[in-house]
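Right, one structure below, let's go through it.
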Amino acid sequence: MKTRVLAAVALLPLLFVCIFFLPKICTAIVFGLAGAIAAYELLMATGHVKHPRLVLYAAISAFAMSIWSWSGQNQGWFSLLVVAVFAAYFGEMMANHVKLTFDKIAMCLVAALIVPYLLTSLVRILSMRLGRYYIIVPFLMAFLPDTGAYFAGRAFGKHKLAPVISPKKTIEGVIGGAVSSVLGMLLYAVIMGVAFDMQVNYLYAVIFGLASAAGSVFGDLCFSVIKRQTGIKDYGNLIPGHGGILDRFDSMMVVGPLAEALLILIPLAVK
């Protein structure tokens with residue numbers, strides 16, 4: 001527990017500086033590297049793919065996805081990336097179809113395209129017109145339900161939510177997480193309105209809070225069930241006390257793109 005806290009204390013300021021003070025291209029590079037590591041973790045830690053070239057393709061694709069997210073999200077470049085990754089993997093399968101079965105190639109495509117796209121939603125949010133104000137939203141959407149669920153679960157938790165996949169999660173904890181998410185998003189909406197002179201929509205803040213409670217739990221369970229099926233405790237050991245990138249950002253994989261979609265469809269604030 002002490003190692004976990006010390007690692008968080010050390011990394012949170014670095015993450016804060018990266019997002020709020022460095023040029024956006026630097027943030028894209030950092031998240032590109034994080035996405036490459038996440039792709040490596042998924043393919044290597046689960047034992048599904050140990051072919052060096054397949055892992056390399058996924059890492060390159062993850063980094064390219066982050067740069068694309070920063071550069072304006074031109075659909076043409078995205079389509080070229082998808083085609084290139086698809087061709088690379090299926091070319092490898094055709095060249096070695098005895099050992100490289102379709103299930104392994106499918107896992108590679110998840111690691112190379114889906115996981116990086118979900119993670120780099122943070123870069124796309126930062127690239128929005130009000131990105132410096134909006135970027136805190138996905139972090140609140142991930143942090144608030146997790147914190148609320150922890151304390152509510154310890155105080156009132158009796159009914160297990162998913163005892164096999166995640167034994168510590170309770171229904172009472174999820175409810176507590178939803179309440180803390182709604183209250184936290186309402187508070188941030190007030191701050192945006194008062195401190196930054198924005199027009200905020202408090203109904204939208206409630207929607208963000210409820211969506212974050214569901215998305216955070218779902219994202220956590222998604223990557224937990226993979227660990228249960230493959231028999232691993234953590235995806236990696238990059239972050240002491242936390243595991244790997246996928247262990248720390250599992251809920252963000254759902255909450256990030258969910259926040260991106262909501263901010264586009266129902267902007268929390270305008271200026």
Side-chain angles (χ1 to χ4, degrees), residues 8 11-12 14-16 18-20 22 24 26-39 41-42 58 61-73 78 81 110-147 149 177-178 181 184-185 188 204-205 207-224 226 235 238-239 242-269:
L11 290 176
L12 284 176
L14 294 176
L15 183 63
F16 183 83
C18 174
I19 290 175
F20 291 100
L22 293 180
K24 293 179 182 179
C26 295
T27 305
I29 291 172
V30 169
F31 276 97
L33 293 174
I37 294 171
E41 289 176 349
L42 183 60
S61 174
F63 188 83
M65 187 77 71
S66 187
I67 300 302
W68 169 80
S69 296
W70 160 78
S71 65
Q73 302 112 61
F78 180 79
L81 176 61
V110 170
L113 295 174
I114 296 179
V115 168
Y117 184 82
L118 297 177
L119 181 61
T120 55
S121 59
L122 298 174
V123 179
R124 294 189 294 276
I125 291 174
L126 188 61
S127 299
M128 293 179 178
R129 189 175 68 86
L130 298 177
R132 294 292 188 187
Y133 303 99
Y134 280 161
I135 191 59
I136 197 67
V137 171
F139 287 97
L140 289 175
M141 290 175 68
F143 174 77
L144 290 170
D146 188 49
T147 304
S181 297
M185 289 307 304
Y188 187 62
Y204 290 172
I207 295 174
F208 273 75
L210 294 174
S212 68
S216 177
V217 172
F218 184 71
D220 188 12
L221 292 176
C222 284
F223 285 90
S224 291
I226 296 174
Y235 285 102
L238 179 67
I239 309 173
H242 294 267
I245 296 293
L246 288 176
D247 296 293
R248 184 64 278 171
F249 286 90
D250 50 5
S251 61
M252 187 64 76
M253 295 293 179
V254 173
V255 169
L258 181 59
E260 179 189 8
L262 290 176
L263 287 168
I264 293 172
L265 297 173
I266 50 172
L268 183 61

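Throughout, numbering of the chain's residues begins at 1 and tracks the sequence.
For S69 against Q73, the heavy-atom pair with the smallest separation is O-NE2, 2.6 Å. Contact between F78 and Y117 at its shortest, heavy atoms only, is CE1-CD1, 4.1 Å. Minimum interatomic distance between A213 and P145 (heavy atoms only, all atoms of both residues): CA-CB, 3.9 Å. Residues L268 and Y204 approach most closely at CD1-C, 4.2 Å, considering heavy atoms.
Applying the ring-ring contact (aromatic ring centres under 6.0 Å, His included) rule to Y134 yields no partners; only residues at least two apart in sequence or on another chain are considered. V110 is linked by a side-chain contact (heavy atoms from CB on, under 4.5 Å) to L42, I114, V115, counting only residues two or more places apart in sequence or in another chain. Listed by chain and residue number, A58, S61, V85, Y89 satisfy the side-chain contact (heavy atoms from CB on, under 4.5 Å) test with A112 (two or more places apart in sequence, or in another chain). For C26, the side-chain contact (heavy atoms from CB on, under 4.5 Å) criterion is met by L22, P23, not counting sequence neighbours. For A269, the side-chain contact (heavy atoms from CB on, under 4.5 Å) partners are M192, M198, V200, not counting sequence neighbours. In this view, D220 and K169 satisfy the salt bridge (Lys or Arg N to Asp or Glu O under 4.0 Å) rule, not counting sequence neighbours.
For residues 130-147, no pair satisfies salt bridge (Lys or Arg N to Asp or Glu O under 4.0 Å), with sequence neighbours left out.
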_Before you tell me yes or no, could you show the steps for Y235 and I226 under side-chain contact (heavy atoms from CB on, under 4.5 Å), namely the whole-Å CA-CA distance, both residues' side-chain angles and the distance that decides it to 0.1 Å?_
CA-CA 10 Å; Y235 285 102; I226 296 174; 3.3 Å; yes

*Can you list the steps and then say if F223 with F249 is a side-chain contact (heavy atoms from CB on, under 4.5 Å)?*
CA-CA 10 Å; F223 285 90; F249 286 90; over 6 Å; no

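The OG atom of S212 sits 12.0 Å away from the CD1 atom of I207 when rounded to the nearest 0.5 Å.
In this structure, S66 contributes its side chain and F63 its backbone to no donor-acceptor pair below 3.5 Å.
You'll find the side chain of L246 stays beyond 4.5 Å of the side chain of I37, heavy atoms only. No side-chain heavy atom of W68 sits less than 4.5 Å from a side-chain heavy atom of T120.
Considering I29, V123, L126 in turn, L126 is the only one that fulfils the side-chain contact (heavy atoms from CB on, under 4.5 Å) rule with K24.
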Could you pull out every donor-acceptor pair under 3.5 Å between side chains of residues 136-144 and any protein atom, sequence neighbours left out?
none

Residues 251-265 side chain polar contacts: donor-acceptor under 3.5 Å, at least two apart:
| residue | atom | partner | partner atom | Å |
| --- | --- | --- | --- | --- |
| E260 | OE1 | R124 | NE | 3.3 |
| E260 | OE1 | R124 | NH2 | 3.2 |
| E260 | OE2 | R124 | NE | 2.8 |

